[in-house]
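Let me begin by presenting the structure, written as structure tokens, before commenting on it.
It should be emphasised that the depicted structure is a prediction, and the values quoted were computed from it without experimental measurement. Just so it is clear: chains get the letters A, B, ... in the order the sequence lines come, proteins before strands, and each one is counted from 1.
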Protein chains: 4
Amino acid sequence: MSGDADKRADAAEMKLAASPWKPFEARRRERDVKRGAVLRVAVSLFLEQGYDRTSLNEVAERLNITKPALYNYFRSKEEILVECYRLGQEKAMAGIERILAKPDTGLVRLRALIRHYCEVMTLDFGQCLVRVDDHVLSAPARDQVREGKRLIDRYFRDFLTSGIEDGSIKSCDVRLTVFAITGAINWVGHWYRADGEMTAREIGDTYAMQLTGSLAVEKT
Amino acid sequence: MSGDADKRADAAEMKLAASPWKPFEARRRERDVKRGAVLRVAVSLFLEQGYDRTSLNEVAERLNITKPALYNYFRSKEEILVECYRLGQEKAMAGIERILAKPDTGLVRLRALIRHYCEVMTLDFGQCLVRVDDHVLSAPARDQVREGKRLIDRYFRDFLTSGIEDGSIKSCDVRLTVFAITGAINWVGHWYRADGEMTAREIGDTYAMQLTGSLAVEKT
Amino acid sequence: MSGDADKRADAAEMKLAASPWKPFEARRRERDVKRGAVLRVAVSLFLEQGYDRTSLNEVAERLNITKPALYNYFRSKEEILVECYRLGQEKAMAGIERILAKPDTGLVRLRALIRHYCEVMTLDFGQCLVRVDDHVLSAPARDQVREGKRLIDRYFRDFLTSGIEDGSIKSCDVRLTVFAITGAINWVGHWYRADGEMTAREIGDTYAMQLTGSLAVEKT
Amino acid sequence: MSGDADKRADAAEMKLAASPWKPFEARRRERDVKRGAVLRVAVSLFLEQGYDRTSLNEVAERLNITKPALYNYFRSKEEILVECYRLGQEKAMAGIERILAKPDTGLVRLRALIRHYCEVMTLDFGQCLVRVDDHVLSAPARDQVREGKRLIDRYFRDFLTSGIEDGSIKSCDVRLTVFAITGAINWVGHWYRADGEMTAREIGDTYAMQLTGSLAVEKT
DNA sequence: GATGAATGAGGATTCATTCAT
DNA sequence: TATGAATGAATCCTCATTCAT
């Protein structure tokens with residue numbers, strides 16, 4: 001029965017026994033796990049109490065480590081927040097890439113984006129994007145974060161514009177319309193409760209239709 | 001009948017009219033002016049840099065006074081912020097009262113409220129409502145502020161509901177719809193620039209129609 | 001019926017009517033009354049909360065005036081305290097002078113002083129002497145106050161010494177004995193309560209005998 | 001039998017014995033030493049200048065550290081003072097326990113307590129009990145401190161009472177007598193100078209006899 | 001990798017005191 | 001004489017960050 005599997009286990013054991021240093025890969029993995037844990041705890045506290053009111057001590061305490069230990073994973077408190085923002089934007093971008101992967105009318109894409117973004121807004125990292133004021137960041141970090149936000153915003157605009165061009169969406173003031181849509185769905189990040197009556201999916205589906213209701217060109 | 005006594009009374013009245021009251025009134029007026037100036041400077045800095053990043057020193061400096069002088073007008077930094085919130089809410093409520101003053105359908109009222117709220121969102125005190133995270137407040141102050149926010153929200157809900165009842169608005173998920181509308185117009189507070197291409201009025205007019213576009217019952 | 005009384009009233013009225021300035025004497029008297037009121041309120045607060053924890057604002061508030069008004073009667077907070085000390089010492093000295101006025105043995109005088117000092121310790125100004133730490137004073141003021149305390153202490157010592165000389169008191173370590181006596185009666189200032197079970201007089205009578213019990217030369 | 005495994009275990013044990021425990025113990029010890037140093041410096045300054053006039057900066061300066069470093073050892077200035085009080089009370093209680101350890105008449109015990117308490121009054125932490133006004137403490141801290149004072153006072157009362165019961169002390173007004181005794185010896189904390197002519201022991205011996213002179217039942 | 005200790009910077013708040021009115 | 005306003009000084013405390021171990 002035993003065979004390769006056993007051999008591999010043995011090898012692993014020997015390596016472990018032979019050296020107190022875990023294999024390189026494992027160590028990096030472990031490190032990433034811890035980094036992730038810091039971010040999850042941090043973002044949750046930032047949302048709960050605000051960035052400035054959250055001390056690194058509190059973050060560390062919830063992780064059962066000490067404050068300076070955090071500096072093994074992040075260079076500064078600001079870097080932690082920037083990472084939180086980045087993770088939120090990454091989630092958003094992941095969806096956008098999926099949408100871009102297959103050809104569709106602007107309207108369909110816009111609706112898909114709304115649906116996706118609503119789901120992002122139900123995640124801590126997503127809410128971070130709209131609930132933690134980026135004024136707390138230094139100018140360069142703020143610029144970087146805003147650049148990310150602008151990038152996402154541009155897809156809303158692009159999808160709307162291309163929808164008008166391909167005839168799936170009525171002509172309208174693009175800028176104002178995008179603001180209305182993003183405003184409505186950003187707001188989800190403020191009122192959504194995991195234990196509420198609507199799931200992220202339901203909210204997304206509803207808003208996808210409702211927010212584009214008066215934009216869609218009627219199919220005849 | 002009259003005589004010396006009267007004369008003395010007259011003299012007193014004149015003196016009273018001329019002097020002891022005016023100074024008092026003037027004093028109070030001057031005080032209120034200064035209080036107002038503090039609030040205007042403060043809210044502007046809060047929006048610019050965030051509440052926690054704004055020190056009372058900065059506020060005082062811009063007013064050409066010293067930090068402790070602020071304590072003549074406010075008991076604490078928190079009280080300053082609470083007043084800013086209150087002023088924003090007051091502006092909103094003033095419009096609501098005007099709307100309530102004359103009878104109208106729910107749809108008309110809702111549109112009027114959107115228009116009005118958009119204008120509020122172009123004012124510093126209005127933007128304060130949506131751009132300064134109320135987590136910086138102590139629990140009791142926060143409760144008070146949130147109560148005010150809820151009050152305003154309720155009118156959106158009321159107008160929408162009564163619109164459905166009076167037939168001017170189509171049946172819909174009230175809660176979600178109100179969130180969409182308020183989200184969209186709260187967002188104005190984030191992107192509006194006084195030197196932008198659209199006036200407050202134009203934004204309000206556009207949103208009043210656009211955000212209710214798919215809700216309005218078509219007149220036949 | 002009326003007569004002198006009326007005339008006097010008239011005269012008073014005329015003076016008042018004729019000039020807004022009250023007669024000089026009356027003004028000084030009024031001023032002293034107010035000064036006294038300030039001191040009474042102040043000492044009471046000092047005892048209640050400690051000197052440093054008592055702000056002039058509190059003093060003023062209890063008098064229904066404003067803080068700067070106090071500066072009409074005193075040059076500084078310190079002066080207020082110094083006056084309180086002085087009044088306490090004055091009370092003590094008044095008794096001492098009465099004792100010195102009539103010839104008596106050292107023992108009788110010492111007992112009289114104990115009785116008297118116990119009563120002083122039941123007054124606010126008296127308690128001030130032992131309950132308000134004179135460290136709060138500037139060096140010169142402190143020296144002045146301490147000089148006063150030393151003066152009083154010296155009479156305890158003098159009476160004791162002369163009692164030994166005149167044979168009414170047994171020989172003993174004067175310094176230590178005086179410390180024991182003054183310690184015991186100063187302590188009254190800490191525990192005495194006006195609503196307690198013993199009157200100032202009873203405490204004084206008891207201590208006068210008890211504290212000199214082992215000192216008195218038995219009469220045969 | 002044994003071999004490499006054993007050797008490794010031994011090595012581990014030695015390391016454990018030699019290093020991880022010692023550092024820990026040493027750390028804690030060092031920490032306690034520093035905490036103690038803070039308290040000694042603090043109490044000395046409190047006595048010298050009064051609590052409110054002593055800034056944490058001064059305390060830190062005398063220790064050659066910076067102000068915030070103090071917060072590694074104490075949570076607040078108040079906690080420092082409370083600890084000072086506690087140490088003083090601890091000294092007093094230690095003596096009381098020694099007295100309680102062996103059976104004796106009330107008179108003997110009372111005299112022993114007086115002797116002991118006099119010595120406590122020559123220590124900074126002891127003087128702190130009577131020279132630092134506890135009004136500077138917050139209500140809860142004050143209650144705690146006063147509870148400690150009451151505890152000690154009770155032993156004076158108990159010893160006196162039991163002395164009356166066992167016939168070693170004459171009947172007397174217990175409350176007033178205890179006040180006289182404690183007043184006299186608390187006062188030691190105010191006038192004692194380390195460089196004075198009497199040692200703590202001499203003062204204690206003298207007071208132990210003198211303050212109970214008129215109370216003791218004559219042995220026949 | 002993790003810790004305890006220490007630091008420097010900064011901020012809100014209090015308060016005695018002064019001054020123009 | 002009394003007041004409102006303003007000030008400057010001082011204090012406690014918090015916190016991100018660093019460093020030796």
Side-chain angles (χ1 to χ4, degrees), chain A residues 20-22 27 30-31 34 52-60 63-80, chain B residues 19 23-24 26-28 30-31 34 52-60 63-80, chain C residues 20-22 27 30-31 34 52-60 63-80, chain D residues 19 23-24 26-28 30-31 34 52-60 63-80:
Chain A
W21 309 113
K22 293 199 189 136
R27 278 178 60 206
E30 197 181 331
R31 183 185 164 80
K34 292 189 187 170
D52 276 319
R53 318 298 263 214
T54 303
S55 83
L56 289 190
N57 242 335
E58 287 171 291
V59 176
L63 289 162
N64 293 319
I65 59 174
T66 59
K67 186 167 44 167
L70 294 173
Y71 284 82
N72 284 322
Y73 305 101
F74 300 94
R75 266 194 299 276
S76 68
K77 190 184 180 186
E78 183 172 72
E79 190 180 289
I80 295 181
Chain B
S19 85
F24 183 77
R27 279 277 176 117
R28 225 202 32 157
E30 198 184 334
R31 184 185 168 80
K34 291 190 187 167
D52 276 319
R53 318 298 264 212
T54 303
S55 83
L56 289 189
N57 242 336
E58 287 170 291
V59 176
L63 289 161
N64 293 319
I65 58 174
T66 58
K67 186 167 41 167
L70 294 172
Y71 285 82
N72 278 325
Y73 304 100
F74 301 94
R75 269 193 298 275
S76 68
K77 190 182 179 187
E78 182 172 73
E79 191 179 289
I80 295 182
Chain C
W21 309 114
K22 292 195 190 142
R27 278 178 60 206
E30 198 182 330
R31 184 187 163 80
K34 291 189 187 169
D52 276 318
R53 317 298 262 214
T54 303
S55 83
L56 289 190
N57 242 336
E58 287 171 291
V59 176
L63 290 161
N64 294 317
I65 59 173
T66 59
K67 187 166 43 167
L70 294 172
Y71 285 83
N72 284 322
Y73 305 102
F74 301 92
R75 268 194 298 276
S76 68
K77 189 184 180 187
E78 182 171 73
E79 191 179 290
I80 295 181
Chain D
S19 85
F24 183 76
R27 279 276 176 117
R28 224 200 33 156
E30 199 184 334
R31 186 186 167 78
K34 291 190 187 168
D52 275 320
R53 319 298 264 214
T54 303
S55 84
L56 289 190
N57 242 337
E58 288 171 290
V59 176
L63 289 162
N64 294 318
I65 58 174
T66 60
K67 186 167 40 170
L70 295 172
Y71 286 84
N72 277 325
Y73 305 101
F74 302 93
R75 268 193 298 276
S76 68
K77 191 183 179 187
E78 183 173 72
E79 191 179 290
I80 295 182

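At whole-Å resolution of the value, OH in D:Tyr73 and C1' in E:dG4 are 8 Å apart. If you take CD of B:Glu79 and P of E:dT13, they are 10 Å apart, rounded to a whole angstrom. We find that CG of D:Asn64 is positioned 12 Å from P of E:dA6, with the value rounded to whole Å. Rounding to whole angstrom units, CZ of residue B:Arg31 and P of F:dT3 are separated by 15 Å. Taking atom CG of B:Leu70 as the reference point, atom P of F:dG4 lies 19 Å away to the nearest angstrom. Distance, D:Ile80 CD1 to F:dT11 P: 15 Å, rounded to whole Å. Between D:Asn72 atom CG and E:dA6 atom C1' the separation is 7 Å, expressed in whole Å.
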### Summary
Reading nucleotides 14-21 of chain F from 5' to 3' and marking B where a protein heavy atom lies under 4.0 Å of the base, S where only the sugar-phosphate is that close, and - otherwise, the string is BBBBBB--
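Checked against salt bridge (charged side-chain N to carboxylate O under 4.0 Å, His left out), A:Arg31 has no partners two or more places apart in sequence or in another chain.
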### Query
Which is it for B:Val59 and B:Ile80 under the side chain to side chain contact (heavy atoms under 4.5 Å, CB included) test, yes or no, and what are the steps along the way?
CA-CA 11 Å; B:Val59 176; B:Ile80 295 182; 5.6 Å; no
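Each salt bridge (Lys or Arg N to Asp or Glu O under 4.0 Å) pair with one or both residues in residues 63-77 of chain B, not counting sequence neighbours, appears once here: B:Arg75-B:Glu79.
Here A:Asn57 contributes atom CG and A:Leu70 contributes atom CG; the two are 9.0 Å apart, rounded to the nearest 0.5 Å. The CD1 atom of C:Ile65 sits 6.5 Å away from atom OH of C:Tyr73, with the distance rounded to the nearest 0.5 Å.
Residues D:Thr66 and A:Thr66 each lie close to DNA chain E; by heavy-atom proximity, the contact nearer the 5' end of the strand is made by A:Thr66.
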### Message
Only Watson-Crick and G-U wobble pairs with both distances less than 3.5 Å should count. Give DNA chain F in dot-bracket notation, marking inter-strand partners with |.
### Response
.||||||||||||||||||||
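Taking side-chain N and O atoms only, D:Lys34 has no distance below 4.0 Å to OP1 or OP2 of E:dG4.
The shortest heavy-atom contact between B:Glu58 and B:Arg53 is OE1-O, 3.4 Å.
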